[in-house]
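First comes the structure, then the notes that go with it.
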Amino acid sequence: SVILGGQWVFFSLKFSQAETNKKINHGLKFSPKDVIKTFETGAGTISFNYSEFNKSTIDITTTGACEVRFFLGRYEK
């Protein structure tokens, strides 16, 4: 599919409290550049700290308990 051209992994994460700069291993062999959020619910909101992404982890901050699902990777034509 055109929208998912490239390399992607799917995540479903639950946070029970606020988190600041939470590192999450992603398993890709490159630094991801793109996030496609498909679902978010709960009292908290999530922020992806793109400048902190690297070849092994992504960095997320939440304001409270929440659940999020997203594709992580890099779009390619």
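All values below come from the heavy atoms of this structure, side chains included, with hydrogens, waters and symmetry mates left out. Starting from 1, each residue takes its place in the sequence as its number.
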**Asked** Do the non-hydrogen side-chain atoms of Ile36 and Tyr75 ever get within less than 4.5 Å of each other?
**Response** no
**Message:** Donor-acceptor pair, distance only, cut-off 3.5 Å: does the side chain of Thr41 make one with the backbone of Glu67?
**Reply:** no
**Prompt:** For Phe71, which of Phe48, Phe10, Phe39 qualifies under ring pair (Phe, Tyr, Trp, His ring centres under 6.0 Å)?
**Reply:** Phe10
**Request:** Fit a plane to each ring of Phe11 and Phe70, take the angle between them on a 0 to 90° scale, and name the class: parallel (under 30°), tilted (30 to 60°) or perpendicular (over 60°).
**Result:** parallel
**Message:** I'd like to know if the side chain of Glu40 reaches the main chain of Ile46, judged simply by a donor and an acceptor atom lying under 3.5 Å from each other, with no hydrogens or angles considered.
**Reply:** yes
**Message:** Does this structure show an ion pair linking Asp34 with Arg74, if we count only N-O contacts that are shorter than 4.0 Å?
**Reply:** no
**Message:** One pair to check against side-chain contact (heavy atoms from CB on, under 4.5 Å): Thr62 and Lys22. What are the steps and the verdict?
**Reply:** CA-CA 9 Å; Thr62 66; Lys22 173 86 172 170; over 6 Å; no
**Item:** Thr61-Ser47 side chain donor-acceptor pair, cut-off 3.5 Å
**Value:** no
**Asked** Hey, is the main chain of Gly27 close enough, under 3.5 Å, to the side chain of Asn25 for a donor-acceptor pair?
**Response** no
**Request:** Taking atom NZ of Lys23 as the centre, report whether more than 12 heavy atoms of other residues, nucleotides or ligands fall under 6.0 Å from it.
**Result:** yes
**Request:** Say whether Ile60 and Trp8 are linked into one hydrophobic cluster, either directly or through other cluster members, by side-chain heavy-atom distances under 4.5 angstrom.
**Result:** no
**Asked** Stepwise, does the side-chain contact (heavy atoms from CB on, under 4.5 Å) test hold for Leu28 with Phe53?
**Response** CA-CA 11 Å; Leu28 297 167; Phe53 287 15; over 6 Å; no
**Request:** Return yes if some donor-acceptor pair links the side-chain N/O of Thr63 with the main-chain N/O of Thr45 below 3.5 Å, else return no.
**Result:** yes
